[in-house]
Amino acid sequence: VLPAEGVTGDEQRTLGDTRQPPAQPLRLLVVDDDPLPRRTLATLAEACGQEAVTVAGGEEALAACQRERFDVVLTDVGMSGMDGWELAERLRAAHPGLPIVFVTGWAADDVEERMGRGRSKPDAVIEKPLTLNKLATALAAVSSRRKLNGSPAWSRRAWSTRCSPS
C-alpha cells in the first residue's frame, strides 16, 4: 500500500472503506499537449487497473467525448490552443456530470485564484510531478462525490491499495 502523503497515523486509520475500487476499469481520457506527461499519466492510470485513452489537445478531447463514453477526464491546464479551463467549460456544457480532473504544474493557489474568477471548478486537481498516490487521491476525491461506472464511492485508501506497485 502506498503511504498517504501528509496523513498522520490516526487519519490513515479513518480514511475509510478498504474494499477494492470497481473491478470494471474506469475509462479515463488523458489530455495533454506534452507527450511525456500524457504518457506518464496514462501509464499510472493503467497501473491502477484503469483504461486510459490519450489525446494531445482540447479539440481532440471534445471529438473523443462525442465518439466514446468516458468516466473521468484528466486534463492539463496550461496547454497551447484550447487550455484546460476552456476544455472543462466546453465539456461541462456538452457532457454535464462528467468528472474533470486538472493536472497542473501550476501552484494550487493559482488554480484556486482562477476558480475564484468564475472559471469552471474541477472535481479534483493533481499537481505535477505525477505519482500513483496523487492519481489515487484524485480518483478517490472524484468517486467520493460521484458514482463512477455505477459503483459506490471508494476511499483514498482503497484506491491507494489498488494502485500499489506489484
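The structure presented is a predicted model; accordingly, all values stated were derived computationally and were not measured.
Nearest heavy-atom pair across Leu28 and Phe70 is C-CD2, 3.9 Å. When all heavy atoms of Ala47 and Leu132 are compared, the pair lying nearest together is CB-CD2, 3.9 Å. Between Gly84 and Met79 the shortest heavy-atom distance is N-CE, 4.0 Å. Across all non-hydrogen atoms, the minimal contact from Gln50 to Leu139 is CG-CD1, 4.5 Å. Contact between Ala52 and Ala45 at its shortest, heavy atoms only, is CB-CB, 4.2 Å. Nearest approach of Arg27 to Val53, heavy atoms of both residues: NH2-CG2, 3.3 Å.
Proximity of Val103 to Pro37: side-chain heavy atoms (C-beta onward) are nowhere separated by under 4.5 Å. The side-chain heavy atoms of Thr104 and Ile126, taken from C-beta on, include no pair separated by under 4.5 Å. Side-chain contact between Leu62 and Arg90 is present, with at least one heavy-atom pair separated by less than 4.5 Å. Put simply, the side chain of Val31 reaches to within 4.5 Å of the side chain of Leu87, judged on heavy atoms. With a 4.5 Å cut-off on side-chain heavy atoms, Cys65 and Leu98 count as touching. Under the 4.5 Å side-chain criterion, counting only non-hydrogen atoms from C-beta, Thr75 is in contact with Phe102.
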Before you tell me yes or no, could you show the steps for Lys128 and Asp76 under salt bridge (charged side-chain N to carboxylate O under 4.0 Å, His left out), namely the whole-Å CA-CA distance, both residues' side-chain angles and the distance that decides it to 0.1 Å? CA-CA 10 Å; Lys128 295 175 184 177; Asp76 185 32; 3.4 Å; yes

Hey, mind stepping through Glu51 and Leu26 against side-chain contact (heavy atoms from CB on, under 4.5 Å) and telling me if it holds? CA-CA 6 Å; Glu51 180 183 340; Leu26 296 176; over 6 Å; no

Residue pair Lys134, Glu127: steps toward the salt bridge (charged side-chain N to carboxylate O under 4.0 Å, His left out) verdict: CA-CA 8 Å; Lys134 288 177 183 178; Glu127 290 185 46; over 6 Å; no

With side-chain contact (heavy atoms from CB on, under 4.5 Å) as the criterion, how do Leu44 and Leu130 come out once you've worked through the C-alpha distance, each side chain's angles and the decisive distance to 0.1 Å? CA-CA 8 Å; Leu44 292 173; Leu130 303 169; 3.8 Å; yes

For side-chain contact (heavy atoms from CB on, under 4.5 Å), just list the numbers for Met82 and Glu89, CA-CA rounded to whole Å, side-chain angles, deciding distance to a tenth of an Å, and then say yes or no. CA-CA 11 Å; Met82 183 187 307; Glu89 290 165 0; over 6 Å; no

Val73/Val101 under side-chain contact (heavy atoms from CB on, under 4.5 Å): CA gap, chis, key distance, verdict: CA-CA 6 Å; Val73 173; Val101 176; over 6 Å; no

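No donor-acceptor distance shorter than 3.5 angstrom exists from the side chain of Asp33 to the backbone of Ala56, with no hydrogens or angles considered.
Taken from CG in Leu41 to OG1 in Thr131, the straight-line distance is 10.5 Å, to the nearest 0.5 Å. Within the model, atoms CD1 of Ile100 and CZ of Arg92 stand 4.0 Å from one another, a figure rounded to the nearest 0.5 Å.
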